[in-house]
Amino acid sequence: MSIFSMQNDDGKGTEFFDLLIKKEVYFGFIYSIISIPIAIIYFAITLSGLVLGILLLPIWIGIPFLNQYFKMIWELSKLEEYTFESFNKVSLPKIAKFIPQGKSSFSIFKAYLKNKRTWNRISYFLLKIFWRILFAVPTAALILLTSLLIYTPVNSVFGRINIYSLYQTDSFIEVILIFFICILIWVGLLHFINYLISVSSRLLRHFFCR
């Protein structure tokens with residue numbers, strides 16, 4: 001089948017341009033944009049809270065502070081799951097919220113420490129910012145190409161194309177060629193972002209569901 005076909009011969013799978021008609025891809029693109037500043041916020045909260053809690057451990061307020069910190073991490077993980085599922089239209093395995101047993105602050109503290117899922121979530125929020133850097137490059141390129149795809153046909157009406165002072169032409173054939181190449185790259189970037197999101201889903205399952 002041609003890459004322009006909307007379906008394979010066996011009726012399964014997708015072709016190169018199929019992503020253009022899938023709204024989930026555009027929701028994923030929006031998620032790839034907003035998740036970058038969110039990852040920075042998560043990183044700052046997670047790291048600063050952990051460091052501050054460790055520094056406060058020598059005094060009595062340290063353990064209650066860390067208990068609230070661990071509780072906040074679990075709440076953030078539920079928010080992260082909800083956001084990821086809402087934008088990317090995927091369903092993640094549901095893990096019951098951890099409620100530590102014990103009456104004293106110290107027993108609750110020990111319960112949090114012994115639960116590996118607490119540390120998995122902390123690790124996820126600390127590492128997410130570095131993973132999201134990979135999203136920044138294709139996302140910025142996609143936004144740049146989008147502006148170029150709008151600019152090129154509109155400006156061609158005036159008889160000359162000046163692409164960011166890097167390339168100039170007054171040939172209509174060259175304009176059409178540039179537009180077609182940009183479309184191919186644009187769809188390719190959508191595929192790449194879609195792939196990164198699928199990997200993100202596996203990472204989230206790895207850290208939150210184990």
Side-chain angles (χ1 to χ4, degrees), residues 1-43 80-92 124-125 127-208:
M1 268 285 189
S2 165
I3 61 172
F4 296 95
S5 173
M6 300 311 297
Q7 192 177 52
N8 289 328
D9 292 329
D10 58 2
K12 298 179 181 180
T14 58
E15 295 293 347
F16 186 70
F17 287 99
D18 283 10
L19 267 68
L20 292 175
I21 61 171
K22 292 184 176 181
K23 64 179 181 180
E24 293 85 359
V25 175
Y26 299 100
F27 279 111
F29 173 60
I30 295 173
Y31 175 79
S32 70
I33 296 175
I34 67 173
S35 65
I36 296 173
I38 289 176
I40 296 173
I41 294 172
Y42 282 162
F43 177 83
E80 173 72 0
E81 289 177 351
Y82 174 78
T83 304
F84 190 88
E85 289 180 328
S86 299
F87 277 95
N88 298 295
K89 309 303 177 185
V90 298
S91 180
L92 298 170
Y124 174 83
F125 289 128
L127 295 174
K128 182 181 178 180
I129 187 173
F130 302 102
W131 170 245
R132 285 297 150 184
I133 292 174
L134 293 177
F135 275 81
V137 176
T139 300
L142 200 60
I143 294 173
L144 186 66
L145 273 175
T146 301
S147 65
L148 183 59
L149 286 170
I150 296 172
Y151 165 83
T152 301
V154 172
N155 203 52
S156 65
V157 175
F158 299 98
R160 189 169 186 81
I161 295 295
N162 185 345
I163 303 176
Y164 305 121
S165 300
L166 298 175
Y167 182 80
Q168 298 182 15
T169 181
D170 53 7
S171 170
F172 181 73
I173 298 299
E174 290 184 21
V175 169
I176 295 298
L177 181 60
I178 292 170
F179 188 80
F180 181 70
I181 292 173
C182 288
I183 285 289
L184 291 177
I185 298 174
W186 195 79
V187 178
L189 286 170
L190 278 180
H191 274 279
F192 184 57
I193 291 175
N194 199 46
Y195 169 74
L196 290 178
I197 289 173
S198 68
V199 176
S200 297
S201 177
R202 292 196 291 270
L203 286 174
L204 199 149
R205 291 169 188 264
H206 174 80
F207 281 99
F208 282 14

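Qualifying side-chain contact (heavy atoms from CB on, under 4.5 Å) partners for I41, counting only residues two or more places apart in sequence or in other chains: I45. With sequence neighbours left out, Y31 forms a ring pair (Phe, Tyr, Trp, His ring centres under 6.0 Å) with F84. The side-chain hydrogen bond (donor to acceptor under 3.5 Å, both in side chains) search around Y124 returns E80, not counting sequence neighbours.
Here L203 contributes atom CG and L127 contributes atom CG; the two are 9.0 Å apart, rounded to the nearest 0.5 Å.
Between W131 and V199, the closest side-chain pair of non-hydrogen atoms falls below 4.5 Å.
Shortest non-hydrogen contact noted between K128 and S35 is CE-O, 4.4 Å.
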